[in-house]
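In what follows, a single structure is set out as C-alpha cells and then discussed.
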Amino acid sequence: MVEIVFLDRDTLGPSVSISRPSFEHGWTEYQRTSQDQVVERAKNAEIIITNKVPIRESSIAQLPNLKLIIVAATGYDVIDMESCRKRNILVSNVRNYATTTVPEHVFALIFALRRSIVGYRQDVIDGEWQRAQQFCFFTHPIKDIAGSTLGVVGRGSLGNSVGQMGEALGMRVIYAARKGATEIPEGYTSFEQVITESDILTFHCPLTEQTQDLIAYPELKRMTQRPILINAGRGGLINEVDLVRAVEEDLVAGVGFDCVTTEPIPDDHPFQKIIQRPNVILTPHVAWASESAIQTLWDQVISHIDNFQRGEPTNLLN
C-alpha cells in the first residue's frame with residue numbers, strides 16, 4: 001500500500017476540503033513539521049506533500065522509499081532538486097491556482113500605499129481629524145493609480161495577471177527583461193529602464209541564484225521615481241537590509257511585502273525597524289490564500305497523486 005505523508009496541513013487553513021487519492025493508500029498528516037522531524041515522520045513514505053517544510057539532501061538521503069514530492073505551492077525553493085534528480089525522485093508543484101487571489105492582494109497593497117490608507121486610518125484613531133477642525137486634512141500623500149507606471153518583474157501567469165489588472169485601471173504597464181540582458185525581447189523593457197521609470201514595482205519571479213538580491217542598494221539608489229515596492233513573490237528577491245536603509249533615506253515611497261526571507265518574521269528581522277511606519281505594510285504570506293484558491297490548489301495536489309499512481313505524472317519539475 002502506498003504511504004502518503006502530508007507534513008504541514010495547517011498551511012492550507014481550515015476551510016479547505018481535504019479530499020484523498022482515489023486508490024488504496026495509507027495517509028498520515030501533521031499540522032506542522034520542523035526540518036529536523038522530516039526523516040522521522042516520512043521514513044516510510046513513498047509520497048510526501050509539503051508546502052513550506054524544506055526537504056533537503058540530508059533528509060532525502062534517509063528516505064529510501066520516497067518516489068514523489070508534491071509541493072503544495074508554485075515556488076519549489078524548499079526542495080533540493082539536485083538531490084531528487086540523483087535519486088530519481090519526481091517533484092511536482094501546483095500552478096495557475098492563484099491568478100486572481102495574488103493580483104487582488106497586490107492591488108490591495110498598491111491602493112493602500114498609494115492613497116496612504118494606513119496612515120489616515122491611524123490619524124483618525126489618534127484624533128487628528130478632530131484636531132484639524134475641518135472636513136479633511138492632509139498629513140500623508142495621496143496619489144492616483146490611473147496614469148502611473150507599473151513595473152512588473154516576472155512575467156509568468158501571476159505577473160501577466162497583475163499587468164492586466166493594471167492596464168484595466170489605466171496604468172502604463174512595463175515588463176522587465178532579465179537583469180543584465182543585452183537583447184530585449186519584444187514586449188519587454190530593459191531592467192534598468194523599468195526600475196528607473198516605475199512609480200510602482202511588483203515582483204513575481206521565482207527565487208533562484210540569479211534572482212537572489214535582484215534589488216539591492218545600488219538599484220534602490222537609481223529608482224528616481226521613489227516607487228512603491230510590492231513583493232508577493234518570495235523573500236530574498238529584494239535585499240531586506242538595503243531596503244530598510246532605502247526607506248530610512250526616503251528613496252522609496254512605500255513598501256508592501258507579503259513574504260520575507262524568514263517566516264514568520266523574527267524579532268531581529270531588519271523590517272522590525274520600519275514595520276510601524278504608515279508607508280510600510282507587511283502581511284503574513286497570505287496573498288495566495290483566498291478560500292477558492294486554496295481549494296483549487298488542493299484539488300490539483302490530489303490529481304497529481306492520482307496521475308502519478310496511474311503512471312502519468314503531471315506538473316513535473318524534474
Side-chain angles (χ1 to χ4, degrees), residues 1-98 206-208 234-235 259 261-264 284-286 288-289 291 293-318:
M1 186 163 57
V2 176
E3 291 294 328
I4 303 170
V5 175
F6 184 10
L7 293 174
D8 49 354
R9 165 66 180 87
D10 274 0
T11 61
L12 297 190
S15 66
V16 65
S17 174
I18 299 293
S19 56
R20 302 285 179 83
S22 58
F23 56 89
E24 186 178 359
H25 63 277
W27 181 276
T28 307
E29 66 181 48
Y30 298 94
Q31 302 310 303
R32 61 186 64 84
T33 298
S34 62
Q35 190 171 346
D36 59 8
Q37 292 174 313
V38 169
V39 173
E40 174 194 350
R41 293 183 170 184
K43 59 186 176 184
N44 297 317
E46 291 184 42
I47 299 173
I48 290 175
I49 304 168
T50 179
N51 189 330
K52 292 294 178 289
V53 180
I55 312 293
R56 303 302 188 199
E57 163 70 25
S58 58
S59 299
I60 293 169
Q62 300 178 70
L63 300 172
N65 298 324
L66 186 58
K67 297 178 181 178
L68 173 68
I69 298 172
I70 303 284
V71 184
T74 301
Y76 52 91
D77 47 286
V78 296
I79 308 299
D80 188 326
M81 296 297 294
E82 178 60 21
S83 181
C84 290
R85 185 193 63 78
K86 289 190 298 186
R87 292 172 172 81
N88 296 315
I89 298 167
L90 299 180
V91 182
S92 293
N93 68 347
V94 294
R95 306 172 193 173
N96 301 325
Y97 70 95
L207 181 64
T208 66
R234 279 290 183 270
C259 46
T261 50
T262 304
E263 297 171 341
H285 209 136
V286 291
W288 63 282
E291 293 183 1
I294 295 175
Q295 191 62 59
T296 299
L297 175 152
W298 184 254
D299 294 345
Q300 205 175 129
V301 166
I302 295 303
S303 73
H304 291 338
I305 295 174
D306 281 336
N307 292 341
F308 171 79
Q309 186 67 9
R310 286 197 297 268
E312 302 172 350
T314 42
N315 279 17
L316 290 180
L317 297 165
N318 60 343

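Sequence positions, counted from 1, serve as the residue numbers for this chain. Remember, it's a predicted structure, so these values are computed and weren't measured experimentally.
Across Leu63, Ile70, Val53, Ile4, a single residue satisfies side-chain contact (heavy atoms from CB on, under 4.5 Å) together with Ile48, and that is Leu63.
Side-chain contact between Phe308 and Lys67 is present, with at least one heavy-atom pair separated by less than 4.5 Å. The side-chain heavy atoms of Arg87 and Glu57, taken from C-beta on, include a pair separated by under 4.5 Å. Here the side chains of Val16 and Leu297 are not in contact, with every heavy-atom distance at 4.5 Å or above. Under the 4.5 Å side-chain criterion, counting only non-hydrogen atoms from C-beta, Tyr76 is not in contact with Asn318. Proximity of Ile18 to Glu29: side-chain heavy atoms (C-beta onward) are separated by under 4.5 Å at one or more points. With contacts defined as side-chain heavy-atom distances shorter than 4.5 Å, the pair Tyr97/Thr74 qualifies.
The minimum heavy-atom distance linking Glu46 with Met1 is given by the pair OE2-O, 4.0 Å. Here the shortest heavy-atom pairing between Ser92 and Leu68 reads OG-CD1, 4.1 Å. Closest heavy-atom contact between Ser19 and Asp299: OG-OD1, 4.4 Å. Scanning both residues, Cys84 and Ile79, for their nearest heavy atoms gives SG-CG2, 3.9 Å. The minimum heavy-atom distance between Ile60 and Ser83, with the atom names listed, is CG2-OG, 3.5 Å. Smallest separation of non-hydrogen atoms from Ser303 and Gln300: OG-O, 2.7 Å.
For Arg56, there are no salt bridge (charged side-chain N to carboxylate O under 4.0 Å, His left out) partners two or more places apart in sequence or in a different chain.
Atom CG in Asn307 sits 4.0 Å away from atom OG1 in Thr314 (nearest 0.5 Å). In this structure, His25 NE2 and Ile47 CD1 are separated by 9.0 Å, a value rounded to the nearest 0.5 Å. One finds the OG atom of Ser34 at 6.5 Å from the CZ atom of Arg41 (value rounded to the nearest 0.5 Å). Between Leu66 atom CG and Asn44 atom CG the span is 11.5 Å, to the nearest 0.5 Å. Remark: Ile302 CD1 to Ile49 CD1 distance equals 5.5 Å, nearest 0.5 Å. To the nearest 0.5 Å, atoms CG (Leu90) and CG (Leu317) are separated by 10.0 Å.
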(request) Run the numbers on Trp298 and Val94 for side chain to side chain contact (heavy atoms under 4.5 Å, CB included), then give the verdict. (result) CA-CA 9 Å; Trp298 184 254; Val94 294; over 6 Å; no
(request) Might you work through the side chain to side chain contact (heavy atoms under 4.5 Å, CB included) test for Glu3 and Asn65, ending with a clear yes or no? (result) CA-CA 9 Å; Glu3 291 294 328; Asn65 298 324; over 6 Å; no
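Checked by atom type and distance alone, the side chain of Trp288 never pairs as donor or acceptor with a backbone atom of Ala293 at under 3.5 Å. Judged by distance alone, with hydrogens and angles left aside, the side-chain atoms of Thr50 form no donor-acceptor pair with the main-chain N or O of Val71 at under 3.5 Å. Between the Arg85 side chain and the Ile89 main chain, no donor and acceptor come within less than 3.5 Å of each other. Judged purely by atom type and a 3.5 angstrom limit, Asp306 uses its side chain to pair as donor or acceptor with the backbone of Ser22. Asn315 contributes a side-chain N or O that, together with a main-chain N or O of Asn93, makes up a donor-acceptor pair within less than 3.5 Å. In this structure a side-chain-to-backbone donor-acceptor pair under 3.5 Å is missing from Thr33 to Val38. Not a single donor-acceptor pair under 3.5 Å links the side chain of Gln295 to the backbone N or O of Glu291.
Surrounding CD of Glu263 are more than 12 heavy atoms belonging to other residues, nucleotides or ligands, all under 6.0 Å away. More than 12 heavy atoms of other residues, nucleotides or ligands sit less than 6.0 Å from atom CD of Gln31. Counting heavy atoms of neighbouring residues, nucleotides and ligands inside a 6.0 Å radius, atom NZ of Lys52 exceeds 12 of them.
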